[in-house]
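Below is one structure, written out as structure tokens; the observations come after it.
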Amino acid sequence: MAGALEHIRVLDLSRVLAGPYCTMIMGDLGAEIIKVEAPGGSDETRKWGPPFQEEVSAYYLCANRNKKSITLDLKSASGAEKIKQLVKESDVIIHNFKTGTMERFGLSYHTLSSINPKLIYCSITGFGETGPFKDLPGYDFIIQAMSGLMSITGDEQTGPQKMGVAITDVLTGMYATIGIQAALLERSKSKQGQKLDIALYDAAVSALVNIGSNYFMSGEIPSQLGNQHANIVPYQTFHTKDGEMVIAAGNDRQFQMLCDILGAASLKTDPKFKTNPDRVANRNELVRLLQQLFLQQPTAYWLKECRQQSIPCGPIQNLAEVARDSQLLARDMFVQMKHPTAGDIHLIGSPLKLSRTPVSYRYHPPNAGEHNQMFLND
């Protein structure tokens, strides 16, 4: 079946994660993605490792399937000219060069939109193309620190912590995808393209959601709560007899059912714990009582009991456990592809499930310049 974006061609001048993640999403949805690198391959993730499989890095593979690869020297007049020729037959161009770089290449939005007025031109930078930080380079770790995300991650013992993945890159890639598709949808009416200015910093701050709202309402700087929730109790990890698990009792009924399961009916009627605001105010006392009870049985016992009563809960799984999770296997969340250099490769699949225009996995993550002859007659 045809992909939802099969009629769209994207010139992908981005590298590392945010831009490539965006274009991989579009590629999974059927778009033709032409990945453009400097001769020899200039996407830094090609060399980020270990692990490597036949000198192909796992990092590069994670965000570059469903793409074709060409190599061009954009600093040269001939390289820039070939981009201009490709733009004539493209719908989208995306890059994540520092502010001003595309202008120095002679590939500004003004220049390329004069060649193709319907072009969607997406710029991804660390801080955006306006403001006092516009010329600073942007890296996920730095953005996590500046955005406030690190200040609310971790606990009093650990201090500020970053997420275990480059979450601001992932969020920015998703926002870029949303913005591009919105621009394409609008173009179907106006017949005109436009420029998108997407910043990692903006995307990271948008992810503060309720924590940001809490601050603006109360004026209180949030503390680091570790695995606890700022607004809901009990909503955290608990140690069990043989491990650790997560309980997320999001309303009073679920808390009352949890008390029954734990054999602690008296907690249901205790005025200190009756409502969620009460439980938040008396968090430390309640968590101490609940923790003592959870230590009496193994994780599997609590999971079974809680799930039977529809109390949200889950085990803390490592990646080996995730890879064999029956739910994820049933949802086709793991993909195997053949790569001309690395051989058989395993990738995490797309979470997008479309009934009539499903995602597809058509092309392996390409070697640098693998499709030069197809597009450049090289």
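Bear in mind the structure is a predicted one, so any value in this text is a computation, not a measurement. This chain uses plain numbering: 1 for the first residue, then up along the sequence.
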Q) Gln317: what forms a side chain to side chain contact (heavy atoms under 4.5 Å, CB included) with it, not counting sequence neighbours? A) Pro315, Glu321, Val322, Asp325
Q | Exercise: do Ser360 and Asp28 side chains pair donor with acceptor under 3.5 Å | A | no
Donor-acceptor contacts under 3.5 Å from residues 304-312 side chains, at least two apart:
none

Q) Who passes side chain to side chain contact (heavy atoms under 4.5 Å, CB included) against Arg288, sequence neighbours left out? A) Glu285, Gln292
Q: Under 4.5 Å between side-chain heavy atoms, chaining through other members, with only Ile, Leu, Val, Met, Phe, Trp and Tyr counted: pull out the rest of the cluster around Val246, sorted by chain and number.
A: Ile316
Q: Kindly give the cluster partners of Tyr235, where membership spreads through any ILVMFWY side chain lying under 4.5 Å from a current member.
A: Ile232
(Q) My understanding is that only residues two or more places apart in sequence, or in another chain, count here; which of them pass side-chain hydrogen bond (donor to acceptor under 3.5 Å, both in side chains) with Gln161? (A) none
Q. Going by the side-chain hydrogen bond (donor to acceptor under 3.5 Å, both in side chains) test, which pairs reach into residues 248-257, not counting sequence neighbours?
A. Asp252-Arg279
Q: List, by chain and number, the other hydrophobic cluster members for Tyr215, where Ile, Leu, Val, Met, Phe, Trp and Tyr join if side-chain heavy atoms come within less than 4.5 Å, directly or indirectly.
A: Phe216, Ile221
Q.
If the condition is side chain to side chain contact (heavy atoms under 4.5 Å, CB included), which residues does Pro298 pass it with, not counting sequence neighbours?
A. Lys241, Asp242, Tyr301
Q. Is it true that the side chains of Asp197 and Ser123 contain a donor and an acceptor less than 3.5 Å apart?
A. no
(Q) Could you list the cluster mates of Phe141? Members are the ILVMFWY residues connected by side-chain heavy atoms closer than 4.5 Å, either directly or through other members. (A) Met150
Q: Answer yes when Glu37 and Arg46 have at least one side-chain N-carboxylate O distance shorter than 4.0 Å, and no when they do not.
A: yes
Please output the side-chain donor-acceptor pairs of residues 201-211 that fall under 3.5 Å, not counting sequence neighbours, one pair per line with the distance.
| unit_1 | atom_1 | unit_2 | atom_2 | d |
| --- | --- | --- | --- | --- |
| Ser206 | OG | Tyr175 | OH | 2.9 |
| Ser206 | OG | Ala203 | O | 2.6 |
| Asn210 | ND2 | Asn231 | OD1 | 3.0 |

Q | With sequence neighbours excluded, residues passing side chain to side chain contact (heavy atoms under 4.5 Å, CB included) with Glu54 | A | Thr341
